[in-house]
K.L.:
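Please see the structure below; I have some questions.
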Amino acid sequence: EKGGYKHFMLKEIWEQPRAIRDTTLGRFSLDSGKVYLGEMDIDDEELAAASSINIAACGTSWHAGMAGKYMIERLARLPVDVDYASEYRYRNPIPDRNALGLLITQSGETADTLAAQREMKNLGSKTVAICNVVGAMVAREAHGAIYTHAGPEIGVASTKAFTSQLTALFLLALKLGQLRGRLDKEKSVALMEELSRTPAKIEEVLRISSPQCEQLAKDFSNARDFLYLGRGIHFPIALEGALKLKEISYIHAEGYPAGEMKHGPNALIDETLPVVVLASRDESDPASKLRYEKTLSNIQEVTARSGRVIAIATEGDTTIGQLVEHVIHIPATIELLSPLLEIVPLQLLAYYIAVRRGCDVDQPRNLAKSVTVE
Ligand code: M6R
């Protein structure tokens, strides 16, 4: 059942190109430029009229939601709030009947997420679920479901479900962008084309970064702590990289917005601290270039204090290699899709470190695949 892989997690990491292809299958047309989200009881007018989006989710799905916020705000200029599902209900949310509730959950059975959905419905919102299990509770309770087609995920650490959720969120952002008159056909088709190139790019990342991550695991498996840094849409990926590492290798890890380091965490840096920095860039996008420049200065702040940097950078970037000890290159893509590539080496790094430490990768201590208690 592990298809020749040593663990389900590794199999599921390698399944990501397929999972993303399946999640996009039949969901858009390059001819018409249209997006088809499928199982929706909410019509286009209602979607177009949403005043904002409230996302609630847990763990990895929450990180997908954070990245989704950047996608939706950028492509549709619609405000998005992202809550931990376990917090949403208790923060006394301010009712807005025109806000659309969006639940993101692999299992569709997470108790906190279901409770947040109930609260949203009580406040008068319609809800949509991004879910990997057909017919799961969250989808039955929702007015619309966008299923991810990652296939069953067995490893407790979520991998292919995450990149499939990012794919579904990108499609939703496209749809909302079109409905709100922010994306014409030409722009939409260009974005769809880039999305359809993504699985092949992930295949390349897998091929190139696997041996690199295996090697890095040798150097870093004894570290006591790790930091993961990123800006903008790369920040939730830093959080997700850190979660993968703590969850399966039991090494303490923190994700931080790169620009916040000088406001405190810089004090942690010394020659024993590995710092993973997400530093990809999209040359054609001025905002991405600016973020990249700022990230380079953040890298220099770390190296000046002898921190050991592992950078994730775009192919063809020769600057970074001169600044840091280790670079993992990923293919160029548009910034909103870069998380799908960036997370792969972070999953592999966590995996190989956990294996070297002799941890039970598929069944980490104290954790369950689906968390049905609040
Ligand atoms: O099934 P869900 O997506 O609702 O699960 C949410 C979290 O419990 C889950 O993502 C958890 O954080 C993973 N173990 C992370 O790898």
Side-chain angles (χ1 to χ4, degrees), residues 7-13 15-16 19 23 55-68 82-89 101-118 120 127-142 145-169 228 236-251 253-255 339 343-344 346-351 353-354 359-374:
H7 297 98
F8 282 110
M9 181 182 178
L10 190 59
K11 171 173 177 266
E12 288 159 4
I13 290 173
E15 276 174 349
Q16 291 179 105
T23 300
I55 296 181
C58 304
T60 290
S61 300
W62 182 78
H63 297 147
M66 291 265 291
V82 190
D83 278 87
Y84 287 113
S86 56
E87 292 287 329
Y88 181 77
R89 217 159 48 118
L102 180 61
L103 295 313
I104 308 173
T105 161
Q106 187 285 129
S107 63
E109 305 289 346
T110 300
D112 286 321
T113 307
L114 290 168
Q117 181 179 34
R118 226 164 291 134
M120 287 171 177
T127 66
V128 169
I130 294 181
C131 174
N132 195 43
V133 177
V134 175
M137 185 65 130
V138 78
R140 295 203 303 270
E141 291 285 318
I146 307 172
Y147 284 112
T148 46
H149 296 293
E153 191 180 64
I154 312 290
V156 164
S158 187
T159 53
K160 61 177 181 171
F162 178 65
T163 40
S164 303
Q165 288 165 345
L166 293 176
T167 305
L169 285 159
Y228 288 74
I237 305 313
L239 293 176
E240 173 60 8
L243 177 60
K244 287 294 87 99
L245 188 71
K246 25 187 169 197
E247 179 172 38
I248 61 169
S249 76
Y250 317 146
I251 295 175
E254 260 189 272
I343 191 55
V344 175
L346 307 194
Q347 295 166 341
L348 287 166
L349 185 64
Y351 173 78
I353 288 179
C359 297
D360 187 346
V361 174
D362 285 333
Q363 283 289 344
R365 67 187 181 202
N366 311 337
L367 299 177
K369 181 66 187 162
S370 128
V371 184
T372 51
V373 290
E374 269 186 64

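Just so you know, residue 1 is the first one in the sequence shown, and it goes up from there. Both ligands and their constituent atoms are indexed starting at 1 by order of listing. None of the values given here were measured: they were computed from a predicted structure.
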K.L.:
Give a yes or no on whether a salt bridge exists between R89 and E374, defined as a side-chain N under 4.0 angstrom from a carboxylate O.
P.N.:
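Result for this pair is yes, salt bridge flagged.
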K.L.:
For S61 and Q165: C-alpha separation, side-chain torsions, deciding distance, then whether side-chain hydrogen bond (donor to acceptor under 3.5 Å, both in side chains) applies.
P.N.:
CA-CA 8 Å; S61 300; Q165 288 165 345; 3.0 Å; yes
K.L.:
Could E141 and R118 be called an ion pair, given the rule that one side-chain N must be under 4.0 Å from one carboxylate O?
P.N.:
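Salt bridge between E141 and R118, a charged N being under 4.0 Å from a carboxylate O: no.
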K.L.:
For the atom pair NZ (K369) and CD (Q106), what is the distance rounded to the nearest 0.5 Å?
P.N.:
5.0 Å
K.L.:
Going by distance only, is there an N or O of Q106 that falls short of 3.5 Å from an N or O of ligand 1?
P.N.:
yes
K.L.:
For Q16 and T159, what are the C-alpha separation, side-chain angles and deciding distance, and is it a side-chain hydrogen bond (donor to acceptor under 3.5 Å, both in side chains)?
P.N.:
CA-CA 8 Å; Q16 291 179 105; T159 53; 5.1 Å; no
K.L.:
Polar contacts were defined as any N/O atom of the residue lying under 3.5 Å from an N/O atom of the ligand; does this apply to T113 and ligand 1?
P.N.:
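The answer is no, given that T113 and ligand 1 share no N or O pair closer than 3.5 Å.
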K.L.:
Checking the side chain of K160 only, and the main-chain atoms of E15 only, is there a donor and an acceptor separated by less than 3.5 Å?
P.N.:
no
K.L.:
Applying a strict 4.0 Å limit to heavy atoms, is A157 in contact with ligand 1?
P.N.:
yes
K.L.:
Any idea which atoms of ligand 1 are less than 4.0 Å away from a heavy-atom of S107?
P.N.:
1 (O), 2 (P), 4 (O)
K.L.:
Would you mind checking which non-hydrogen protein atom is closest to atom 5 (O) of ligand 1, with the distance to 0.1 Å?
P.N.:
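Answer for atom 5 (O) of ligand 1: T110 OG1, 3.6 Å.
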K.L.:
Report the part of E109 in contact with ligand 1, treating N, CA, C, O as backbone and CB onward as side chain, heavy atoms under 4.0 Å; options are side chain, backbone, both, neither.
P.N.:
neither
K.L.:
Which residue owns the protein heavy atom closest to atom 7 (C) of ligand 1, what's the atom, and how far is it?
P.N.:
C58 O, 3.7 Å
K.L.:
So which heavy atom on A168 is nearest to which on T23, and how close?
P.N.:
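Minimum heavy-atom contact is N-CG2, 4.3 Å.
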K.L.:
Parallel, tilted or perpendicular: which one describes the rings of Y351 and H7, with boundaries at 30° and 60°?
P.N.:
perpendicular
K.L.:
Quick one: which ligand 1 atoms are inside 4.0 Å of a heavy atom on S61?
P.N.:
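In order of numbering, the contacting atoms are 2 (P), 3 (O), 10 (O).
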K.L.:
I'd like the name of whichever of I248, V371, L367, V138 reaches closest to atom 8 (O) of ligand 1 through any heavy atom.
P.N.:
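Heavy atom nearest to atom 8 (O) of ligand 1 belongs to V371.
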K.L.:
Give the atoms of ligand 1, by number and element, whose distance to some non-hydrogen atom of K244 is under 4.0 Å.
P.N.:
15 (C), 16 (O)
K.L.:
Just verifying a value: how many Å separate L245 CG and L349 CG, rounded to the nearest 0.5 Å?
P.N.:
7.0 Å
K.L.:
Looking only at distances, can you tell me whether any N or O atom of V156, backbone or side chain, sits closer than 3.5 Å to an N or O atom of ligand 1?
P.N.:
yes
K.L.:
For ligand 1, which part of T60 has a heavy atom less than 4.0 Å away: the side chain, the backbone, both, or neither?
P.N.:
both
K.L.:
Check this for me - ligand 1, K369, N or O atoms closer than 3.5 angstrom, yes or no?
P.N.:
no
K.L.:
Any idea which protein heavy atom is nearest atom 14 (N) of ligand 1, and the distance to it?
P.N.:
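Of every protein heavy atom, E247 OE2, 2.5 Å lies nearest to atom 14 (N) of ligand 1.
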